[in-house]
Structure formats: structure tokens, C-alpha cells
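Input: a single structure, listed below in C-alpha cells.
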Amino acid sequence: VKKTIPVREGVNAANRRFADGNRALFAAHGVAVINLIGSPGCGKTTLLEETLRRLDSRLRLIIIEGDVETDLDAKRLAGSDADIIQINTHGSCHLNARQISETIAGLPTDKLEATDLIIIENVGNLVCPSSFDLGERMKVAVLSVPEGDEKPEKYPALFLQSGIALITKLDLVQYTDFNLPAARERICRLNPEARVYPLSAKTGEGMEAWITELVQLK
Ligand SMILES: Nc1nc2c(ncn2[C@@H]2O[C@H](COP(=O)(O)OP(=O)(O)OP(=O)(O)O)[C@@H](O)[C@H]2O)c(=O)[nH]1
Ligand SMILES: [Mg+2]
């Protein structure tokens, strides 16, 4: 135990330094950054596909796709005006602030100045990514209807830290026992400040409230 505690503290302190550096850089260039976190398959990339389509160049965007392996998600988002950058963690269950720092350092010099918003899709995971500050302005929790309405209570860390909670795959609510008022109540009990948006990227229901939030972040 004596050996693991200092190592863990070292990792956290190093991450915090990079996160603070990222935050300062983003602030200096007036870039809003959000960190999208949710379980594997909760609909993050589908949400981004529909978000890019609806924003239709209203924001100058960079999307950073975090995945353990493959560039499948980056490929799905190609074809819009947004710059899409894939990071592979090769095993790690979360992105860290150093990876974001190195990604930003690799951009052309004036790129940040010409960017309104960076959306980071974190590695699909409801637990680990919420422990690693990336220097974002806001975490956005993504919970999909098939996962169940009790998940905020079972996995509270993410919901405690998120400014927005999206309840995705709303079109599936009629086929499940997901209780929407209960989910909302559980999230708000943990975090009274959280804004909760139920939506479906497939039918478009609820998407406009999310788009309005993004446009206002600019
Ligand atoms: N019915 C329905 N299915 C959806 C919706 N959004 C996503 N899906 C489906 O859910 C599955 C996973 O969606 P993704 O967008 O790949 O999920 P993800 O969160 O990006 O997954 P990872 O990146 O692997 O963590 C796909 O089969 C999508 O078509 C939705 O609003 N309604
Ligand atoms: Mg994805």
C-alpha cells in the first residue's frame, strides 16, 4: 500500500499540471472545450454525427475522438467542416491531459485562434474518464436509455461533475422500463446545477436544446 499511494499521487499531480496548462491555453485563445463521457455504445459518436449536421458550420469545431483502438469513430465523423483528430490509448480506459496537450501542440500555429469549440469524445467508460481533468470547461455526461435510470446513483462521480447530462436514445424509452422522471430526479439530487436533456440522435427529438447550449458556449 505504501508503494502504490505515492505513484497514484504522482499520476494525478502530473495530470493536473497538464490540465491546468491546457485550460490556460484554451482560455487565452477563447476556445470552449467540452469533455463528453459515457459508457461504451451510449451514443456519443452518433450524437456528434447529428450535432455536426445540425450545427452546419455555425461553430468552428475540432472534435477529438478518444478510443482504445481504431479510427472507426473518426472516420464516421469525416466529411464535415470540423477537424477530426483520433487518439488511441492502446489499453487505457480514459484520455489524460497530456494526450490532449500533445494533440493541441501538433495543430498548426493559428488553429486555436480560429476555433470556437473543441468537443472531446472520451473513451467509452462510465467510471475512469471522470477522474482525469483534461482542462475542459465542462464535462457532459451521456447516459443512454437502455443502460437504466438507476445508473447515476450507481456511478455518481461523473454526474456530480457534469454541467450537462444528456439522456440519449430517447426513442427507445417505449421499449424499456426506463423511468425518465426518476433518472432526471436522480441526476438532480446528485447535482442540482446539472441541466438534463433527454434526446434522440435517431429521431432528432430534443436535439435543438443541446445545439442551443453549444452555440451559447461560443
Ligand atoms: N435507437 C437509437 N440508437 C442509437 C441512438 N444513438 C446511437 N444509437 C446506436 O447505438 C449504437 C452505439 O452508438 P455509438 O454512437 O457508436 O456509441 P458510442 O458512445 O460512440 O460508442 P463508443 O465510442 O464505443 O463508446 C449504434 O448502433 C447506434 O446506431 C439513438 O438515439 N437511438
Ligand atoms: Mg464513439
Side-chain angles (χ1 to χ4, degrees), residues 4-40 42 44-45 47-48 51 59-68 73-74 82-143 152 155-166 190-191 193-195 213-214 216-218:
T4 59
I5 290 171
V7 170
R8 174 86 184 147
E9 281 175 352
V11 169
N12 287 344
N15 191 72
R16 206 171 312 123
R17 260 199 318 282
F18 279 106
D20 289 344
N22 293 345
R23 203 176 343 269
L25 192 64
F26 296 143
H29 292 280
V31 186
V33 180
I34 63 177
N35 182 1
L36 208 56
I37 301 176
S39 299
C42 68
K44 299 178 292 298
T45 308
L47 173 78
L48 290 178
T51 298
L59 297 176
R60 296 168 301 173
L61 266 172
I62 297 174
I63 310 278
I64 298 177
E65 278 293 329
D67 281 292
V68 176
D73 282 5
D83 286 73
I84 316 293
I85 301 167
Q86 179 82 53
I87 299 176
N88 284 145
T89 63
H90 303 300
S92 178
C93 57
H94 59 85
L95 290 171
N96 64 51
R98 182 180 189 148
Q99 291 164 328
I100 300 301
S101 170
E102 287 170 356
T103 299
I104 299 302
L107 294 173
T109 355
D110 50 358
K111 186 66 193 172
L112 275 191
E113 205 55 47
T115 299
D116 300 312
L117 175 65
I118 299 176
I119 304 180
I120 301 167
E121 178 184 338
N122 218 310
V123 178
N125 190 302
L126 199 50
V127 181
C128 309
S130 54
S131 302
F132 287 80
D133 182 7
L134 303 180
E136 71 274 354
R137 186 188 295 180
M138 179 167 62
K139 289 182 177 58
V140 173
V142 184
L143 170 69
Y155 303 89
L158 171 62
F159 296 90
L160 282 166
Q161 298 178 62
S162 294
I164 292 177
L166 303 177
L190 286 167
N191 180 357
E193 309 281 295
R195 300 186 292 289
E213 282 275 356
L214 292 181
Q216 285 170 355
L217 279 175
K218 186 174 165 180

Worksheet entry | Atom pair CG/CD1 of L25 and I100 - distance to nearest 0.5 Å | 12.0 Å

Discussion item. Is any side-chain heavy atom of I104 closer than 4.5 Å to one of L112?
Written reply: yes

Fill in: 4.5 Å side-chain heavy-atom contact, L61 and T115
no

Practice prompt. Name all pairs fulfilling the salt bridge (charged side-chain N to carboxylate O under 4.0 Å, His left out) condition that reach into residues 106-132, sequence neighbours left out, sorted by first residue then second.
Written response: R60-D116, D83-K111

Worksheet item: Do the non-hydrogen side-chain atoms of N122 and L36 ever get within less than 4.5 Å of each other?
Response: no

Response to the item:
Heavy-atom nearest pair, L160 first then L190, reads CD2-O, 3.3 Å

Worksheet entry | Side-chain donor or acceptor of D133 paired with backbone N/O of R16 under 3.5 Å | no

Item to complete: Please report the shortest heavy-atom distance between R23 and E136, naming the atom on each side.
Response: NH1-O, 3.3 Å

Worksheet item: With a 4.5 Å heavy-atom cut-off, do C93 and N125 have their side chains touching?
Response: yes

Worksheet item: Taking the side chain from R137 and the backbone from N35, do they hold a donor-acceptor pair closer than 3.5 Å?
Response: no

Practice prompt. Inspect the contact between D20 and R17 and indicate whether a charged nitrogen and a carboxylate oxygen are less than 4.0 angstrom apart.
Written response: no

Discussion item. Testing the basics here: between A165 and F159, what is the closest heavy-atom pair and its distance to 0.1 Å?
Written reply: CB-CD2, 4.5 Å

Worksheet entry | Sub-4.5 Å side-chain heavy-atom contact between S101 and Q99 | no

Discussion item. Are F18 and N96 packed together at the side-chain level, in the sense that at least one heavy-atom pair is separated by less than 4.5 angstrom?
Written reply: no

Fill in: Pairs touching residues 91-128 that satisfy ring pair (Phe, Tyr, Trp, His ring centres under 6.0 Å), sequence neighbours left out
H94-F132

Worksheet entry | Atom pair OG1 (T51) and NZ (K44), whose distance is rounded to the nearest 0.5 Å | 13.5 Å

Worksheet item: For A97 and N22, which heavy atoms make the closest approach, and how far apart are they?
Response: O-ND2, 3.1 Å

Worksheet item: To the nearest 0.5 Å, what is the distance between CD1 (I34) and CE (M138)?
Response: 5.5 Å

Fill in: I120 side chain reached by I87 side chain, heavy atoms, under 4.5 Å
no

Discussion item. Strictly distance-based, threshold 3.5 Å: is any side-chain N or O of N191 a donor or acceptor partner for the main-chain N or O of E193?
Written reply: yes

Worksheet, complete the sentence: Rounding to 0.5 Å, atoms OG (S162) and CD1 (I37) come to a distance of 6.0 Å

Worksheet entry | Non-hydrogen side-chain atoms of V123 and V68 separated by less than 4.5 Å | yes

Worksheet item: With a 3.5 Å cut-off and no angle check, do the side chains of Q86 and D67 form a donor-acceptor pair?
Response: yes

Worksheet, complete the sentence: For L214 and I119 the tightest heavy-atom approach is CD1-CD1, 4.4 Å

Discussion item. Using 0.5 Å steps for rounding, measure from the OG atom of S39 to the CG atom of L143.
Written reply: 7.5 Å

Discussion item. Just checking R98: does its CZ atom have more than 12 heavy atoms from other residues, nucleotides or ligands closer to it than 6.0 angstrom?
Written reply: no

Discussion item. For the backbone of T89 and the side chain of S92, can you confirm whether one donor and one acceptor N or O come within less than 3.5 Å of each other?
Written reply: no

Worksheet item: Can you tell me how far the CD atom of E65 sits from the CD1 atom of I85, to the nearest 0.5 Å?
Response: 11.0 Å

Fill in: Backbone N/O of G66 and side chain of D73: donor-acceptor pair under 3.5 Å
no

